[in-house]
Number of protein chains: 2
Amino acid sequence: MTAPDQPAREGRATIVDVAREAGVSVATVSKVINGRYGVAEATSERVLAVIDDLGYESSLIASSLRRKRTGVIGVLVAEFEPYSAELLKGISYGLAGTGYELLAHAGSTDTHLRSGWERRSLSRLGRTLIDGAIVVTPTMVINDQAGIPVVAVDPHTGPEGPATVDSDNIHGARVAAEHLFSLGHQRIAFLGGRPDLRSAQLREEGFRAAFAARGLTPEAEFMKVAGYDPELAEAPARELLSLPADRRPTAIFAANDISAIRVLRVAEQMGLRVPEDLSVIGYDNVPDAMSSTPPLSTVAQPLQEMGTTALRVLLALLSGQQEVERHVRLPTELVVRASTAPPPA
Amino acid sequence: MTAPDQPAREGRATIVDVAREAGVSVATVSKVINGRYGVAEATSERVLAVIDDLGYESSLIASSLRRKRTGVIGVLVAEFEPYSAELLKGISYGLAGTGYELLAHAGSTDTHLRSGWERRSLSRLGRTLIDGAIVVTPTMVINDQAGIPVVAVDPHTGPEGPATVDSDNIHGARVAAEHLFSLGHQRIAFLGGRPDLRSAQLREEGFRAAFAARGLTPEAEFMKVAGYDPELAEAPARELLSLPADRRPTAIFAANDISAIRVLRVAEQMGLRVPEDLSVIGYDNVPDAMSSTPPLSTVAQPLQEMGTTALRVLLALLSGQQEVERHVRLPTELVVRASTAPPPA
DNA sequence: CTGAAAGCGCTAACAA
DNA sequence: TTGTTAGCGCTTTCAG
């Protein structure tokens, strides 16, 4: 009773403060908090009163360390860009009523380039902080790093690895290419994604399939890599558009929207009009695609639904359900806006 | 050396495994990991090799518990909806090169209705897991709960509380109302936000100011509350639009976009055309406002910039900087799209 | 230069 | 019904 009027000495009250104040042991306080049996009504009430008085909340960290189950689901991303943000919304909406909390983690951006961020995040949070994880666009195989259930969205791996949720990349890319063909384009360039990601490989495959179906092969000169990254898209876009007009592509298919939007900007800087001089189509249908100038034609992935689905699969895994659909593939859809049109005459 | 070929026994390796494998004490391993002085080059290398071999990553939880500084910044939200997602993007972009990690936390949605989620999150994560926090739209006063620096975005409090970042709500709302006036509207209804949030109060104030500037007062019957929540917007919207045509509002200003978008839907269900029969304007300019039918006129807050700014302020606080601008207000901007037009003749 | 030991805040046996 | 005692995985004095 040294200072009853100074509840939280430095910052926040701990369970020890509560115990001291209530005149019981910390174990008893813990029992009260966690609703364990074997605490007298009167004691419980007194403890609860002190807790309320002190504004005590148990430290997630400390209890996680000791417990096996934490009631927290982790969402592991490299960065919060439009793609993962949409996913996150979907996950968050699906969370209502489950009793779980959400902890979305983006590792230090300084190191996220050296792939392996997902393994690192998983190791650092797994088992102790989170009960299960949704990993967004992992670069590498996730092999039960942390001993917790994992669902990968847009995974690196095939069917062997963890549970996955993705969309039909081959079909989506093929449809995009066919859209350009049907507009009359002949010289179509491809700005590929990250070669280490399965989705990028599949989109290229779909792109090539559209050519193959017409007995064609894409020109090697038109197959570029942009790593899903606007910064990396800049140079190849500039290169493509610097070609003489009669050899320049009349359409560019970028493997994701944010790269496509950068292409739009490069084209504008180079004095090319979209879609009159150049058609551009993206992939993902992130919200930004709608507000670009001009609005971007793209292939829509049901991003929020993919998030909700990933959560559903994870919860099933978590509840030890037997019949879990471990690989869910959602459909894609062509969205035609103003960035695609017939090629210049 | 019981099982050298079975590094991670159950899930993940701990510092003890590394120590055993390297033939040193855990203290030494800890020193190596954290780059402390006083470890022989050879020892260090051996430990590093084992770490690499075992794929060891220190548990964020365990180290947080012991350390004071964790290198993690927390973003506390009630839910990941479009508003907080935009903020998060801005925060994430600003994080590059700072060396901090991001942990965004959404408390269990089951309890987030009983206000106080921010206090709870702050207590549970503060001091132990995160070095500082950005709290999005706190309902209540944040009074140094966790003893860590806090920046509130769209805060409840006035200048007395924690550092804040917001936008000019009065001005923004006033501009929205004036836009409607200038189109010729007379019967303008207001769908207010959460009465406990300062931003909602200020938007109402701005709305009234526009009337006052014209020597008018809004009709009491047209002043509704929708709590920034689409679900709560439904009933009052329906009520307003059920009035006989000559007493029905010709324009509705909803205090945030997602409520306004719901109004759009209600209007459609009731057979009213927007903007021919009814003009609707929102607030925030979340990405969704662009893709509604019709695209929503709104007042834009620079959401991502607000996120980046909040991070900047927090980092300044964290670095113990003296001259920190504790209250930053960013400008708003009217965005006219297709949901507003002159009233029916 | 290295290790033993204490302890961060909390939970979970096990005793009392 | 309650308290005592071990830890969870890690960092940090402080001896050796």
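Below, chain A is the first sequence line, B the second, and so on; all start at residue 1. The basis for the numbers below is simple: all heavy atoms, side chains too, and nothing from hydrogens, waters or symmetry mates.
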Quiz item: Rounding to a whole Å, what distance do you find between Lys68(B):NZ and dG9(C):P?
Solution: 14 Å

Practice problem: Using whole Å, report how far CZ of Arg36(B) lies from P of dT2(C). | Solution: 16 Å

Quiz item: Between dG3(C), dG3(D), dC10(C), which one does the side chain of Thr28(A) approach most closely?
Solution: dG3(D)

Quiz item: Between Leu60(B) (CG) and dC8(C) (P), how many Å, whole number?
Solution: 19 Å

Self-check item: Thr137(B) vs Leu197(B) side-chain heavy atoms within contact, under 4.5 Å
Solution: yes

Quiz item: Within the pair Ser25(A) and dT2(D), is there a side-chain N or O less than 4.0 Å away from OP1 or OP2?
Solution: no

Quiz item: With a 4.0 Å cut-off, would you call Arg124(A) and Glu57(B) a salt bridge?
Solution: no

Quiz item: Side-chain contact, heavy-atom cut-off 4.5 Å: Leu103(B) with Ile73(B)?
Solution: no

Exercise. Rounded off to whole Å, could you give me the CZ-to-P distance for the Arg124(B) and dG9(C) pair?
Key: 15 Å

Quiz item: Should the pair Glu41(A)-Arg46(A) be classified as a salt bridge under the 4.0 Å nitrogen-to-oxygen rule?
Solution: no

Exercise. Under 4.0 Å between any heavy atoms, over every strand shown, what does Val24(A) touch: base, sugar-phosphate, or nothing? Just pick one.
Key: sugar-phosphate

Quiz item: Base, sugar-phosphate alone, or nothing: which one does Ser63(B) contact when heavy atoms must sit under 4.0 Å apart?
Solution: sugar-phosphate

Quiz item: So what does Tyr56(A) hit on the nucleic acid, given a heavy-atom distance under 4.0 Å: a base, only sugar-phosphate, or nothing?
Solution: sugar-phosphate

Exercise. Give a yes/no answer on whether the side chain of Thr43(A) brings an N or O atom under 4.0 Å of OP1 or OP2 in dT2(D).
Key: yes

Exercise. Just call it for Ala40(B): base, sugar-phosphate, or nothing, with non-hydrogen atoms closer than 4.0 Å on any strand.
Key: sugar-phosphate

Quiz prompt | Residue-phosphate contact under 4.0 Å: Ser30(B) side-chain N/O, dT11(D) OP1/OP2 | solution = yes

Quiz prompt | Earlier contact from the 5' end, DNA chain D, for Ala62(B) and Lys31(B) | solution = Ala62(B)

Quiz item: Between dC10(D) and Ser58(B), is there an OP1 or OP2 to side-chain N/O distance shorter than 4.0 Å?
Solution: no

Quiz item: Base, sugar-phosphate, or nothing for Ser64(A), non-hydrogen atoms under 4.0 angstrom?
Solution: nothing

Quiz item: Is there a donor-acceptor pair closer than 3.5 Å between any side-chain N or O of Thr128(A) and the backbone N or O of Gly126(A)?
Solution: yes

Quiz item: Of Leu65(B) and Ala27(B), whose nearest nucleotide on DNA chain D comes first from the 5' end?
Solution: Leu65(B)

Quiz item: Whole Å only: how far is the CG atom of Leu129(B) from the C1' atom of dG9(D)?
Solution: 14 Å

Quiz prompt | Interatomic distance where CZ belongs to Arg67(B) and P belongs to dC8(D) [whole Å] | solution = 20 Å

Quiz item: Is there a donor and acceptor pair, one atom on the side chain of Arg66(A) and one on the base of dG7(D), closer than 3.5 Å?
Solution: yes

Practice problem: For Ile61(A) and dT11(D), give me the distance from atom CD1 to atom P, rounded to whole Å. | Solution: 14 Å

Quiz item: Is a donor on one side and an acceptor on the other found under 3.5 Å between the side chain of Asp154(A) and the backbone of Asp166(A)?
Solution: no

Quiz item: What is the distance, rounded to the nearest whole Å, between atom CZ of Arg69(A) and atom C1' of dC8(D)?
Solution: 18 Å

